[in-house]
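Every chain is numbered from 1, with letters handed out A, B, ... down the list of sequences.
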Amino acid sequence: SAAAAKEKKKLERKLEKDLENENGGAGVYSASLKKHYLLADDEWKEDILPEILDGHNVADFLDPDILQRCEELEREEGLRLEEEAAQEAFQIDGHELTEEQREILGQIRKKKALLIQEHRMKKRTAESRPIVPRKFDKDRTFTTNRMGRQLSSMGFDPRAALDRARSRSRGRKRERSLSRAASDGDDMDIDGQQSSKKLRALSRSRSRSKSRPPEEVVPGEGFKDSAQKKKAIKKAKDSVRNRNKEARRGEADRVIPTLKPKHLFSGKRSIGKTSRR
Amino acid sequence: MRLEKCWFCSSTVYPGHGIQFVRNDAKIFRFCRSKCHKNFKMKRNPRKVKWTKAYRCLHGKDMTQDSTFEFERKRNRPERYDRNVTEQTLKAISLITKIRHERQKKHITERQKQGKTKQRERDAKELEQDIQMLPKKVTLSTQKTKVVVKVSQQQTEENLMEE
């Protein structure tokens, strides 16, 4: 009877090999690896679940008590939010700058940046930009208009300064008229006139010297006419031409070079012949 | 299949990405990109490279201690599958992640508060000290605004008295 029971059991239980043969043989039949799972519910054997979700491993979160822990977490979060709200209400009194103050601060910073930039430019070009006295101010950069503009930019009223500058210029004119009166009052009229004439002549000659052609004869030079001066200039240039071709520094350069220095042209040659050099 | 962290910068290394170095003592170094791998080969210490998570944790720039980190731990003993537990877990992951992000953001805001306070004080001090650099017109306008503020305060007082 035991042997018979064993035989019955064998007949009932199918081997994996038998299943393979029934379902198409090797290479066709693929056995399910899930059918032997030991789960609380056999329905769950065919479930498909993700291994990763949103950059997290699902397996790391699995926990039988996850529901309770989540409830605790939510409660904790609620308390934390309430506390934050209370703190924010308490901290509303922030010492913030007003909009206008912020704007003024912006202007201050802009002005600071400009000053720094100007200073750096001066520092960079200080040695190569000499200061020119005012009498050589040909571009007329120092004018009353510019002074007025600068004073206005600094926030001052420039009218008083401009009036003072103009009164000073008028004062100078008055001084000139006084000097004329003094000269008229003197008894030596001839001397005064001569001196003024000389001064005028000197100034005229200085101003005219730049625009005069080179052949024009000036009294005192020793030439009788323009042709003679022109001839003299030509002779001077001709006499200098040969000297200039000899690469000398000037009339005083009378150096005689050593064309064959002895220490370079005496003794035996170590290698080669004379024509090598 | 599992998401791992880069040994150097602590970024997430997804499957099919990055490179892996197994040392002679079987320690595994995973790298998310060639940048981290090259830094490793140059023998750089992640704690001293500013763009790494290790540096940020060491210098208090990122949150390191929180209860939400306890929910996500590598488990070396697999649990028997249970559909109900798995469903709860999948729902809980989004909740836990959301709360963690909020707390991280809060941490960063708190950390930057000191700097903002100092900046505010610096601005106020600069405004007070350097107000004279500007022309007087602007300064007068500020004084006028102060006067306006006083008037408004008086009005509020009158309203209170009326009530």
Part of B/Lys91 within contact of chain A (heavy atom distance under 4.5 Å):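 Contact with chain A is absent: no heavy atom of B/Lys91 under 4.5 Å.
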So which residue, A/Val58, A/Leu53, A/Leu62, ends up with the most heavy-atom pairs under 4.5 Å with chain B?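 Highest number of heavy-atom pairs under 4.5 Å: A/Leu62.
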Minimal heavy-atom distance between B/His107 and B/Gly60, with the atoms involved, is NE2-O, 3.3 Å
Whether the side chain of A/Asn57 engages the backbone of A/Ala59 through a donor-acceptor N/O pair (distance < 3.5 Å, no angle test) should be reported.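 Between the backbone of A/Ala59 and the side chain of A/Asn57 there is no qualifying donor-acceptor contact (under 3.5 Å).
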Given B/Thr89, B/Leu127, B/Leu3, the one with more heavy-atom pairs under 4.5 angstrom with chain A than any other is B/Leu3
Side-chain donor or acceptor of A/Asp60 paired with backbone N/O of B/Glu72 under 3.5 Å: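 It does not hold such a pair.
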Are side-chain heavy atoms of B/Trp7 and B/Val13 found at a separation under 4.5 Å?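 They are not in side-chain contact.
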Is the number of heavy atoms from other residues, nucleotides or ligands under 6.0 Å of A/Gln68 CD greater than 12? no
Among the options B/Asn84, B/Leu90, B/Thr117, B/Thr12, pick out the one with the most heavy-atom pairs lying under 4.5 Å from chain A.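 Of the options given, most contacts go to B/Leu90.
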Between B/Lys113 and B/Glu110 (salt bridge meaning N to carboxylate O under 4.0 Å), is one present in this structure?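 Salt bridge between B/Lys113 and B/Glu110, a charged N being under 4.0 Å from a carboxylate O: yes.
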Cationic tip of B/Arg23 above B/Phe29 ring, under 6.0 Å, 45° of axis: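 The answer is no; the distance or angle limit is not met.
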B/Thr86, B/Thr68, B/Ile99: which one forms the most heavy-atom pairs within less than 4.5 Å of chain A? B/Ile99
Lys/Arg-Asp/Glu bridge criterion (N-O < 4.0 Å) met for A/Asp41, B/Arg83: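 Not counted as a salt bridge, because no side-chain N and carboxylate O are separated by less than 4.0 Å.
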Residue part contacting chain B, namely of A/Glu51, when any heavy atom lies under 4.5 Å: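 For A/Glu51, the contact with chain B is made by the side chain alone.
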Part of residues 25-39 of chain A lying next to chain B, heavy-atom separation under 4.5 Å: A/Leu38, A/Leu39
Side-chain donor-acceptor pair present, B/Lys5, B/Ser11, cut-off under 3.5 Å: no
Which answer fits A/Ile52, side chain, backbone, both or neither, if we ask what part of it has an atom under 4.5 Å from a heavy atom of chain B?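 The side chain, not the backbone.
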